[in-house]
Amino acid sequence: METRIGSMAQEKKGRPQEQKLVDSPAPSLEVLRHSAAHLLAQAVLDLFPGTQVGIGPAVENGFYYDFLRDKPFTPEDLEAIEQRMRELVKEDIPIERIVIPKAEAIKLFQDMGQELKVELIKEKGGDQVSCYRQRSFIDFCLGPHLPSTGAIKYFKLLSVSGAYWRGDERGPQLQRIYGTAFFTKQDLENYLHFLEEARQRDHRRLGADLDLFSFDELVGPGLVLWHPKAGAIRKEIEDYWHEEHFQDGYEFLYTPHIAKLDVWRTSGHTEFYEAMFPPFQSEGIEYELKPMNCPFHIMIYKSRLRSYRDLPLRWAELGTVYRYERSGVLHGLLRVRGFTQDDAHIFCRDDQLEEEITRVISLALRMLRTFGFVGYDLFLSTRPEKYVGSEEDWDQATQALKKALEKQGLSFQIDEGEGVFYGPKIDMKIKDALGRSWQCTTIQLDFNLAERFDLSYTGEDGQPHRPFLIHRAILGSLERFFGILIEHYKGNFPLWLAPVQMSILPIADRHNEYADQLNQLFRREGIRSVVNSRREKIGHKIREAEMAKVPVILIIGDRELQKETVSLRVHTVGDKGEWPVSKLLEKIKILIKNKAITYDF
RNA sequence: GCCAGCGUAGCUCAGCGGUAGAGCAACUGAUUCGUAAUCAGUGGGUCGGAGGUUCGAAUCCUCUCGCUGGCUCCA
């Protein structure tokens, strides 16, 4: 039935060795997991008769099965179910494929009280319907499956959650039990270890531990409070962002956070865009918090006549927008209601399109590399069934996107018909230190707004022409990108980003003065340095600095004071011996200037 | 928004009808110390909020706010 194959690196190792399949020549993790899902359903029906089963596919990291039952499954239930599954594995029950006429299948499942299955068979089944049976448990399923339950050795149930029958919010709510399964014990352990590692990197946990950001009930859900340490990081990100954009020929805009609702009527957002906060009134005029920056940039474009000579215009803004995300989807910094896009709009002629796309792609690659992201996947989405703009424009723009990618020798995947209705787009997904993918960069053509705002420029021929409008973000949103950075680095930010770059630790009171002198010296050079002159033992101060993940730790005592040196300790590395102050300063300045990700002292 | 779970000190958690607790952190004092936790003491809570049941509620019930895991959405 419904199956998707995962692509996580962790799973690639999982390959069957001696398992034989009923009817598949190429056994895969997907088949194993699909069979594990059946095993789960069998166990649930054994323990909780009268439960209706929904669908149970293999998914990216495991499998799930949906159940319809009055009472919720408790964590204890989950344990009992997993226990029952292990028993069924021990019994090594054969899994058989049976093919029966559709009418017979319908009757079969009706007799078992499995109405959801009946619905599926009626809709999806052909004349002959394939089912899989393991003892009394029968499932409507295309397969393939493993030959017997004994082959499903290494699995674990992970969680239970809600899901709608067939994804329809109005339909019945089912309970979904998630689990994972692997061919070897080692693979399972690796995956569980991966989950634990992800838990430890969770930016929400690190955000609190490292005093980076918080949310407050009084302020509101999804509204981020950036603390001073996060502020330091954000400033580095923004400074670098400005520098790269300036070098790449962008100019910078600033626009308001609210506008008359009429703006959003013109843009079409009121009609099509669901994530807008409700409008509010002042002096009888309706205003709206901005969910996007585009209309403002467009109004600046329209503030005077534009000539073909003016193009391309590259206008960028770190623009804070507000979107009403449904309460259930909010998630730390990764899904919020107020966020700052690293937005830009490029207005260009058709003959400039390919060049502009090319520039954006290389800007994105350059910037993401600087932040330490080297792995990425590119996706080109083409014209969907419902679209605005002319077919000709779509083709031309899609070709330009494609050529820009090809010219740089980048491999990419084409998502046919997956574009948004207003234009084709390129999305980039970066890979973090755990191999997880995050979408950040997006480059989208927009035929809709160009038309709705009737954008034009005067061509060489003296006639009005419609410019191409490119909407793009490199980092996506600063909040989300910050969250990704925290998880990628596990809070161990490289020197140039670290909120506190250096902690100076005097051993005794008599070293405080020298410590302060050093601190002044480093701060004058723009280094975020602090002194820890608490009356604690040096081991304690070192522990504090290490836990705060400060990259450079300087220890000073009698020896250093006398020789005007410092003892260097590098976070996560350890003692790196005595250094002359000037030599260390130069070294650190270079590392910061180069935005070094890894460094050797 | 929906389903389920969870909200007790700044953090991690115990207590689950009978006078609110521990560790860490904070603060005060002593210790002046060489590469991941010195010792002692002190303060800190309308147990997320509102209502109800009860002689009595952190504990039971209802509503509400927030968080978590999913679903769904992301023109």
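Quick note on labels: first sequence line is chain A, next is B, and so on, each numbered from 1.
- Look at the C1' atom in both B/C47 and B/C6: the space between them is 14 Å, to the nearest Å.
- For B/G18, the paired nucleotide is B/C55, the pair qualifying as Watson-Crick or G-U wobble because both relevant distances are below 3.5 Å.
- Position along RNA chain B of the nearest nucleotide to A/Gln173 versus A/Glu274 favours A/Gln173 as the more 5'-ward residue.
- The residue A/Glu536 sits close to a base: some heavy atom pair falls under 4.0 Å.
- Considering only side-chain N and O atoms, A/Arg204 lies under 4.0 angstrom from the phosphate OP1 or OP2 of B/G69.
- Across B/C65 and B/G48, the matching C1' atoms stand 7 Å from one another, rounded to whole Å.
- Comparing the same atom, P, in B/A14 and in B/C73 gives a spacing of 37 Å after rounding to whole Å.
- Across all strands, A/Leu330 comes closer than 4.0 Å only to sugar-phosphate atoms, never to a base (heavy-atom distances).
- Screening A/Lys429, A/Lys431, A/Arg436 for a salt bridge (Lys or Arg N to Asp or Glu O under 4.0 Å) involving A/Asp377 leaves a single residue, A/Lys431.
- Nearest-nucleotide positions on RNA chain B place A/Pro72 closer to the 5' end than the other of A/Pro72 and A/Asp575.
- Across all strands shown, A/Arg335 has heavy atoms under 4.0 Å from base atoms, whether or not it also approaches the sugar-phosphate.
- The base of B/G34 sits with one of its N or O atoms less than 3.5 Å from a complementary donor or acceptor on the side chain of A/Ser567.
- Separation of the C1' atoms belonging to B/A57 and B/U8 is 14 Å when rounded to the nearest angstrom.
- Look at the P atom in both B/U46 and B/A58: the space between them is 13 Å, to the nearest Å.
- Across the strands present, B/A50 finds its partner in B/U62; the criterion is a Watson-Crick or G-U wobble pair with both atom distances under 3.5 angstrom.
- Under a cutoff of 6.0 Å and an axis angle of 45°, A/Lys587 and A/Phe601 form a cation-pi pair.
- Between A/Asn532 atom CG and B/U35 atom C1' the separation is 14 Å, expressed in whole Å.
- Annotation: cation-pi geometry not satisfied between A/Lys290 and A/Tyr322 (NZ/CZ under 6.0 angstrom from ring centroid, within 45° of ring axis).
- A gap of 49 Å separates the C1' atoms of B/A36 and B/G56, to the nearest Å.
- Across all strands shown, A/Ala508 has heavy atoms under 4.0 Å from base atoms, whether or not it also approaches the sugar-phosphate.
- Atom OH of A/Tyr64 is separated from atom P of B/C3 by 20 Å (rounded to the nearest Å).
- The base of B/G1 is not paired with the side chain of A/Tyr324 by any donor and acceptor separated by under 3.5 Å.
- Not a single donor-acceptor pair, N or O on each side, falls under 3.5 Å between the base of B/C74 and the side chain of A/Tyr273.
- B/A4 atom C1' lies 13 Å from atom OH of A/Tyr178, rounded to whole Å.
- You'll find the ring centres of A/Tyr324 and A/Phe277 inside the 6.0 Å limit.
- Residues A/Phe482 and A/Trp226 bring their aromatic ring centres within 6.0 Å.
- Donor-acceptor pairing under 3.5 Å, judged by distance alone, is present between the side chain of A/Arg569 and the base of B/A36.
- Looking at the side chain of A/Ser161, the nearest of the listed nucleotides B/G34, B/G69, B/C2 is B/G69.
- In this structure, of B/A75, B/C71, B/C33, it is B/C33 that holds the atom nearest to the side chain of A/Arg510.
- Between A/His331 and B/G69 there is a side-chain N or O to OP1 or OP2 distance below 4.0 Å.
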Show me the side-chain donor-acceptor pairs of residues 171-180 of chain A shorter than 3.5 Å, one per line, residues at least two apart or across chains.
{"unit_1": "A/Gln175", "atom_1": "OE1", "unit_2": "A/Phe73", "atom_2": "N", "d": "2.7"}
{"unit_1": "A/Gln175", "atom_1": "NE2", "unit_2": "A/Lys71", "atom_2": "O", "d": "2.8"}
{"unit_1": "A/Arg176", "atom_1": "NE", "unit_2": "A/Asp66", "atom_2": "OD1", "d": "2.7"}
{"unit_1": "A/Arg176", "atom_1": "NH1", "unit_2": "A/Tyr178", "atom_2": "OH", "d": "3.4"}
{"unit_1": "A/Arg176", "atom_1": "NH2", "unit_2": "A/Asp66", "atom_2": "OD2", "d": "3.0"}
{"unit_1": "A/Thr180", "atom_1": "OG1", "unit_2": "A/Asn61", "atom_2": "O", "d": "2.6"}

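- For the pair A/Arg69 and A/Phe67, the cation-pi test (distance below 6.0 Å, angle within 45°) is failed.
- Although no hydrogens or angles enter the test, the distance criterion places a donor-acceptor pair under 3.5 Å between the side chain of A/Asp342 and the main chain of A/Ile474.
- Here, B/G45 and B/A4 have their P atoms 35 Å apart, quoted to the whole Å.
- Atom CZ of A/Arg452 is separated from atom SG of A/Cys294 by 12.5 Å, given to the nearest 0.5 angstrom.
- Atom P of nucleotide B/A37 and atom CZ of A/Arg534 are separated by 14 Å, given to the nearest angstrom.
- In terms of polar N and O atoms assigned as donor or acceptor, the side chain of A/His540 never comes within less than 3.5 Å of the base of B/A36 in a complementary pairing.
- One can place CZ of A/Arg326 at 14 Å from P of B/A75, the figure rounded to the nearest angstrom.
- Put simply, CG on A/Leu223 is 15 Å from C1' on B/C67, counting in whole angstrom units.
- The nucleotide B/A4 finds its pairing partner in B/U68, both defining distances of the Watson-Crick or G-U wobble pair being shorter than 3.5 Å.
- Closest contact between the side chain of A/Arg543 and the listed nucleotides B/A37, B/A75, B/C71 involves B/A37.
- Of the P atoms belonging to B/A25 and B/A37, the separation is 12 Å, rounded to the nearest Å.
- Between the CG atom of A/Leu157 and the C1' atom of B/G70 there is a distance of 15 Å, given to the nearest Å.
- A heavy-atom distance below 4.0 Å to RNA chain B is reached by these residues of residues 550-563 of chain A, ordered by number: A/Ile555, A/Gly557, A/Asp558, A/Arg559, A/Glu560.
- Checking B/G23 for Watson-Crick or G-U wobble geometry (two distances, each under 3.5 Å) identifies B/C11 as its partner.
- With hydrogens and angles left out, the side-chain atoms of A/Asp415 and A/Gln413 include a donor and acceptor closer than 3.5 Å.
- The closest donor-acceptor contact from the side chain of A/Arg559 to the backbone of A/Glu578 lies at 3.5 Å or more, if one exists at all.
- Checking B/C67, B/C71, B/C65 against the side-chain heavy atoms of A/Glu217 singles out B/C65 as nearest.
- Side-chain atoms of A/Asn448 lie closest to B/A75 of the nucleotides B/A75, B/U35, B/U72.
- If you check every strand for non-hydrogen atoms under 4.0 Å, A/Gly539 touches sugar and phosphate atoms only.
- Following rounding to the nearest Å, A/Lys541 (NZ) and B/A36 (P) show an atom-to-atom distance of 15 Å.
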